Amino acid sequence: MIIPSLTRILFVDDEEDIRSVAKIALEAVGGFAVEVYGSGSEAVKRASAFVPDLILLDVMMPGMDGASTLKALREV
């Protein structure tokens, strides 16, 4: 079984403090390349340029919630 490498993480959360802590922890502790966005719509607009290996989404966000964001990202 081949396990794909995980190096690029996209993190989406509407809370700035949570985004900051997650980015610091994922980069410093995990050694990942991390992009953070504050909304689902921002993630949909910009994620294709980053090409993440893993996407972490907040479930409850204003505008586009996590499920709507995931659906839109799958269509890009």
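If you're wondering where the values come from, they're calculated on a predicted model, not measured in any experiment.
Note that CG of L10 is 11.0 Å distant from CG of D53, once rounded to the nearest 0.5 Å. The distance from the CG atom of L57 to the CD1 atom of I55 is 6.5 Å, given to the nearest 0.5 Å. L73 CG to S68 OG: the interatomic distance, rounded to the nearest 0.5 Å, is 10.5 Å. The line from CE of M61 to OG1 of T69 is 4.0 Å long, rounded to the nearest 0.5 Å. With rounding to the nearest 0.5 Å, the separation of OG in S39 from CE in M64 is 8.5 Å.
The two residues A47 and P52 have their closest heavy-atom pair at O-CD, 3.7 Å.
In the hydrophobic clustering of this structure, L56 groups with L6; members are Ile, Leu, Val, Met, Phe, Trp, Tyr whose side-chain heavy atoms approach within less than 4.5 Å, directly or through other members. The hydrophobic clustering, which links ILVMFWY residues whose side-chain heavy atoms are closer than 4.5 Å, places F50 and I9 apart.
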* F11 and D58: side-chain contact (heavy atoms from CB on, under 4.5 Å), yes or no, with the steps? -> CA-CA 8 Å; F11 186 84; D58 183 3; over 6 Å; no
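With sequence neighbours excluded, the residues that form a side-chain contact (heavy atoms from CB on, under 4.5 Å) with S48 are V76.
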Pairs under 3.5 angstrom only: tabulate donor-acceptor contacts from the side chains of residues 19-36 to other protein residues two or more places apart or in another chain.
residue : atom : partner : partner atom : Å
R19     : NH1  : D13     : O            : 2.8
R19     : NH1  : D14     : O            : 3.4
S20     : OG   : E16     : O            : 3.1
K23     : NZ   : E27     : OE2          : 2.7
K23     : NZ   : V34     : O            : 2.9
E35     : OE1  : Y37     : OH           : 3.4

